[in-house]
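Notes follow the structure.
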Amino acid sequence: MKNSVVKIDNLVKRYGDLTALDHLSLDIAEGEVFGLLGPNGSGKTTTINCLLSLLTYDKGDIELFGKKMSPTAYNIKKEIGVIMQNVAVFDELTVYENIDYFCGLYINDKAQRKQYVDEAVKFVGLEEFLKSRPKKLSGGLLRRLNIACGIAHKPKLIILDEPTVAVDPQSRNKILEGIEQLNREGATVIYTSHYMEEVEQICTRIAIMDKGKKIAEGTKDELKRMIRNTETMNIEIIDLPDEVRSKISVLPHVYNTEYDGSKLTVYCSGGKHNLTRVLGVLQEHELGFGRVYSELPTLNDVFLEITGKALRDKED
Ligand code: ADP
Ligand code: MG
């Protein structure tokens, strides 16, 4: 059994009439990159704030590193690095001074601090911006500074709350690679996001949240095995007659179809040769079609099957 890093038991948090966390339990072990995946408002940030004792809660128990967490548990807090959803750095300080300040909260020895700060700068790739003030940085670089401030003291547990929102692709990749590297070097990571692709890419285990509840948990493969979808086919086709769509709907393994006037989507559950059979029906009716592509299940399909709604809006 791996050591427990986070143990949340039956956590309930209310804001007035709203139940933001509804009997949430989580167990996170040393060495994991644990993903909290859920749409906006599902309770991810509230979970993190309760975990850090920044918020009081109505019910439940929280242990970190096997010890009860409390607002004054400083020996626990120094082992944690937090990168909050809203960037929190000092505008009056330069990039270097910001990282040095946050590192200095934990590391007193000057020589060691300098080494740690230099390592953090290199880690996020901000060498060329040491003397810049935060206001001069792009969104992506600012995020990287925020991360450097959170990890410079080499915490055992690193918590990142939506660190890639409003970040350019280059910084985003750098952030995701960085998280994997920190994990390889021994840190346990909690990563919250509403981007399923990122969570799939870097997380060893994932809890899917909706309305303050954990609706599913497992590795990405375990989560995908929980649902009936095994394949989604997309076929570009104009003027598909209803009778043809009906024929496709009753093919073996097909459990749903959607048609928007230019694209037919066919949802399948198990089986082989599904695509051949679907295209066979179209050919039988001498219907031409454009691009055809098949998709394996995503975490969005998991969310969709469990909650009946998409994980995120299309424009997101
Ligand atoms: P997420 O981080 O997943 O987007 P949050 O934890 O921020 O979700 O929010 C969970 C729910 O609690 C949302 O419905 C949100 O509107 C509500 N909420 C969050 N913070 C407060 C607050 N300070 N006062 C009242 N309601 C809040
Ligand atoms: Mg949030």
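Note that ligands are numbered from 1 as they come in the structure, with each ligand's atoms numbered from 1 the same way.
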Can [X] and [Y] be counted as having a side-chain donor-acceptor contact under 3.5 angstrom?
X	Y	value
T298	D301	yes
N229	E305	no
E197	Q201	no
E258	Y267	yes

ask   = Which pairs count as salt bridge (Lys or Arg N to Asp or Glu O under 4.0 Å) when at least one residue sits in residues 164-186, sequence neighbours excluded?
value = R172-E198
remark   = Near the Mg ion (ligand 2), meaning under 2.8 Å, the protein N/O/S atoms are T45 OG1, Q85 OE1
ask   = Can you name the side chain to side chain donor-acceptor pair (under 3.5 Å) partners of K263, sequence neighbours left out?
value = none
note = Between L21 and the options K213, M209, R14, the side chain to side chain contact (heavy atoms under 4.5 Å, CB included) test singles out M209
query = Should E30 and K2 count as an ion pair when the cut-off is N to O under 4.0 Å?
reply = no
Write none if no such pair exists; otherwise list each N/O atom of ligand 1 with its protein N/O partner under 3.5 Å and the distance.
| unit_1 | atom_1 | unit_2 | atom_2 | d |
| --- | --- | --- | --- | --- |
| ligand 1 | 2 (O) | T45 | N | 2.9 |
| ligand 1 | 2 (O) | T45 | OG1 | 2.8 |
| ligand 1 | 3 (O) | S42 | N | 3.2 |
| ligand 1 | 3 (O) | S42 | OG | 3.4 |
| ligand 1 | 3 (O) | G43 | N | 3.0 |
| ligand 1 | 3 (O) | K44 | N | 2.9 |
| ligand 1 | 3 (O) | K44 | NZ | 2.9 |
| ligand 1 | 4 (O) | G41 | N | 2.7 |
| ligand 1 | 6 (O) | T46 | N | 2.9 |
| ligand 1 | 6 (O) | T46 | OG1 | 2.5 |
| ligand 1 | 8 (O) | G43 | N | 3.1 |
| ligand 1 | 20 (N) | Y15 | OH | 3.4 |

query = Is it true that a side-chain atom of T230 and a backbone atom of G270 form a donor plus acceptor pair closer than 3.5 Å?
reply = yes
